[in-house]
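What follows is one structure encoded as structure tokens, with my remarks underneath.
Computed over heavy atoms, backbone and side chain alike; hydrogens, waters and symmetry mates excluded. Chain A is the first sequence line, chain B the second, and so forth, proteins listed ahead of strands; every chain is numbered from 1.
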4 protein chains.
Amino acid sequence: MKLSEKKVLKKKEQILLSAITIINQKGYSGATMEDIAAELLMTKGSLYYYFKNKSDLMYQCHNFILSQATEDLRDILHAEGTVEEILRHMIATHIDYAVEEKETFNMIMEPKRFFNTEQLHLVLKLRKEYESLFDQIISRGVETGSFLAKEPKIARMMILGAMNWVQQWYKPGGRLSKEELVELYSDYILKILK
Amino acid sequence: MKLSEKKVLKKKEQILLSAITIINQKGYSGATMEDIAAELLMTKGSLYYYFKNKSDLMYQCHNFILSQATEDLRDILHAEGTVEEILRHMIATHIDYAVEEKETFNMIMEPKRFFNTEQLHLVLKLRKEYESLFDQIISRGVETGSFLAKEPKIARMMILGAMNWVQQWYKPGGRLSKEELVELYSDYILKILK
Amino acid sequence: MKLSEKKVLKKKEQILLSAITIINQKGYSGATMEDIAAELLMTKGSLYYYFKNKSDLMYQCHNFILSQATEDLRDILHAEGTVEEILRHMIATHIDYAVEEKETFNMIMEPKRFFNTEQLHLVLKLRKEYESLFDQIISRGVETGSFLAKEPKIARMMILGAMNWVQQWYKPGGRLSKEELVELYSDYILKILK
Amino acid sequence: MKLSEKKVLKKKEQILLSAITIINQKGYSGATMEDIAAELLMTKGSLYYYFKNKSDLMYQCHNFILSQATEDLRDILHAEGTVEEILRHMIATHIDYAVEEKETFNMIMEPKRFFNTEQLHLVLKLRKEYESLFDQIISRGVETGSFLAKEPKIARMMILGAMNWVQQWYKPGGRLSKEELVELYSDYILKILK
DNA sequence: GATGAATGAGGTTTCATTCAT
DNA sequence: AATGAATGAAACCTCATTCAT
């Protein structure tokens, strides 16, 4: 890779990070190219040097966060520990993304409203991959006898939904610390899997 | 109430129903006044005879569905049956709304992005009321010894989240019928409360 | 005249009076048919039974006030008194209209912006008639040796302008009472005519 | 100041000048953003690159002319000459603005109908400043014994009103040249101040 | 690489006007 | 006589996108 290409990549990442900040504040449709450029002390026009259009930028933001979360989860999944320990760790990580990256991570957002066919395809693939990590830990738990799940996919969806919902009501600095929240959620989730 | 007022109310409801259809297809920001008018074979301008502005219309759509769901749940809550039967019935109803009314019912949608302060206040109140119906059945279950919940509010939130998430993935006509889905969900949710 | 016609005339006058109130508050373009109807506890549509269109209504409002003022001034002009007394009386009356009827009386308003050709013709004629009353008293004063005016029309225009301007700055309840104001204005105007 | 800023300023001025032309023809509410854009062979949207909204543009037009007139008058006020000479010069200038810039200069227009609170504040301040220049020359005249004025503010208002009214009736190319008009007005105004 | 400037499509809103009842 | 309801034109404004420099 040439030096110039590296520079471009770095700039792209900078833009993504700023865009993510804005999206988390204003949502996908609320965020304007102007907002994002302003955050970077750039002008709208420049963004088009790095990204084909708004949809492309939004897509890459979602991808960026989701890929990162996927990587994090994968590391956790392959680390040492009992099935239960690993699941608790995964729950903590997921909730952290949901709370911190709110909109951008938002797996709740209907992707077909924002992305074109090609992007959609990749987003769905990535999401599936992400979700499968939970499937893997569940099935590992079932195999080792730690978990019990009649319809493991359904259980996984319930778990994901329960966790994503956190971003709707959890306010940092409230009655519960994030750690307490995570523990409560983990306990309940484990009940689902017993 | 005068006849003319009744007629206006009826027309308003017609508009709401059409608007709800459109919103469920395109989301709140995706739905245009033009779209909604077209669905009714009216012109944009006419909508403003019945609603002050777009925000007002959107707000009333959400309210309409949410109020209806609240009423339905309240009836269920006050009907005969064991705690478990009632909860199962409530779950079935909620999931039905989540699947059928998708966007309009969407309790995931952040209301402050679409509604003004005054509307926001009322929406949040209505949502709280809705959620409290689940709190009531849970606490009844706890009192009668049917349920066990260390942190009932957290449990309720998990349950709501799990159910709302259904609208992200459930496609009617898929592997599972809605009835099977509801049964599986109910079983899992009861596990949370044991 | 039939009774029904009389009733129509009476209603028309009622509408005019309400319209005048609104116009004085919001100006010609600011006043909407809806505003005017609301003031009368009527509906927009009904106004069209009495007036062809908005322009027609506006026109008749202006006419109404201007005709009334013209009549008032004519009476004053033909009453007993010295030239100076009569002029002072006319000034008092004009200023009163300018202050009380603000927008509707507004002779400053460019009529061609609001009225069609035919209306325009009549408005201009009426205005000319109104202005001529001041010309008459001035020329009477010149004839009797009370006034001196090299270019009486120019003097008259200055006087009208000075008086109309009052409505831009005079606030009832300020430092000056309307009576004091009128006296000061009269004194200055007489200086113009000496 | 950077070159680019200068260019923006120049363009803004161009737009202001075109807008002023249109406003003088159609008035503030009659002038549309489309009209103004067309005059410049631009599109509506472009105007919003330079001005926040219509109200902002209108406000800056009024300000532009009023500031220019204020500067002109201030120069005259501080130039050599007898009090009477200076006043005559000021009158000539004011009448010129009133006739040439009609609507935009229009001090008769009620600013609160077109401008928001903040703009209103500045407009009123600017107008006060403008009017004070006439107060200054009057008071100078009174001090030097050239003028006599019992209530100088009232006199100034009459004078302003008389002059502003010119724009209602004066048509270039009529019986009187602008020079003759100005001379007649000056003579009459001096009578007020004797 | 970046920018300033412009564009144009598309959205919301207002309002005079019409017309069947 | 009056009204309720609908219409449609025209206004304002936003914003993703383009492109010469």
| request: Could you name each residue pair satisfying side chain to side chain donor-acceptor pair (under 3.5 Å) that touches residues 115-125 of chain C, not counting sequence neighbours? | output: C:Ser55-C:Gln119
| field | Upstream residue (5' side of DNA chain E) when B:Asp35 and D:Tyr49 are each assigned their closest nucleotide | value | D:Tyr49
| field | Pairing residues for D:Lys102 by the salt bridge (charged side-chain N to carboxylate O under 4.0 Å, His left out) criterion, not counting sequence neighbours | value | C:Glu110
| Taking C-beta and beyond as the side chain, do D:Leu57 and D:Cys61 meet within less than 4.5 Å on heavy atoms? | yes
| query | Can you list the residues that meet the side-chain hydrogen bond (donor to acceptor under 3.5 Å, both in side chains) rule with C:Asn63, with sequence neighbours excluded? | reply | C:Tyr59
| request: Report the distance from atom NZ of B:Lys7 to atom C1' of F:dT3, rounded to the nearest whole Å. | output: 11 Å
| query | Mind checking whether D:Leu40 and D:Lys11 have side chains closer than 4.5 Å, heavy atoms only? | reply | no
| said: Using whole Å, what does the distance between atom P of nucleotide E:dC15 and atom CE of C:Met58 come to? | reply: 13 Å
| request: Mind calculating the distance between CD (D:Glu5) and P (E:dT3) to the nearest angstrom? | output: 15 Å
| query | Within this structure, what is the CG-to-C1' distance between A:Leu40 and E:dA2, rounded to whole angstrom? | reply | 13 Å
| task | May I have all residue pairs that pass ring pair (Phe, Tyr, Trp, His ring centres under 6.0 Å) and include part of residues 33-53 of chain A, sequence neighbours excluded? | result | none
| Dot-bracket encoding per residue of DNA chain F, Watson-Crick/G-U cut-off under 3.5 Å, | denoting interstrand | .||||||||||||||||||||
| remark: From CG of C:Leu9 across to C1' of F:dA1 the rounded distance in Å is 15 Å
| said: How would you summarise protein contacts on nucleotides 16-21 of chain F per nucleotide, using B for base, S for sugar-phosphate only and - for none, with heavy-atom distances below 4.0 Å? | reply: BBB---
| query | With respect to the phosphate group of E:dA6, does any side-chain polar atom (N or O) of D:Tyr50 fall under 4.0 Å of OP1 or OP2? | reply | yes
| message | With rounding to the nearest 0.5 angstrom, report the CG to CG distance, D:Leu47 to D:Asp56. | response | 11.5 Å
| field | Length of the CG-P vector between C:Leu47 and F:dT3, whole Å | value | 9 Å
| query | What distance do D:Asn106 atom CG and D:Gln168 atom CD have between them, rounded to the nearest 0.5 Å? | reply | 7.0 Å
| said: For D:Thr21, is there any backbone N or O sitting under 3.5 Å from a side-chain donor or acceptor partner on D:Asn24? | reply: no
| said: Distance check needed: E:dA16 C1' versus C:Phe114 CZ, whole Å only. | reply: 15 Å
| note | B:Leu57 CG to E:dG11 C1', in whole Å, measures 15 Å
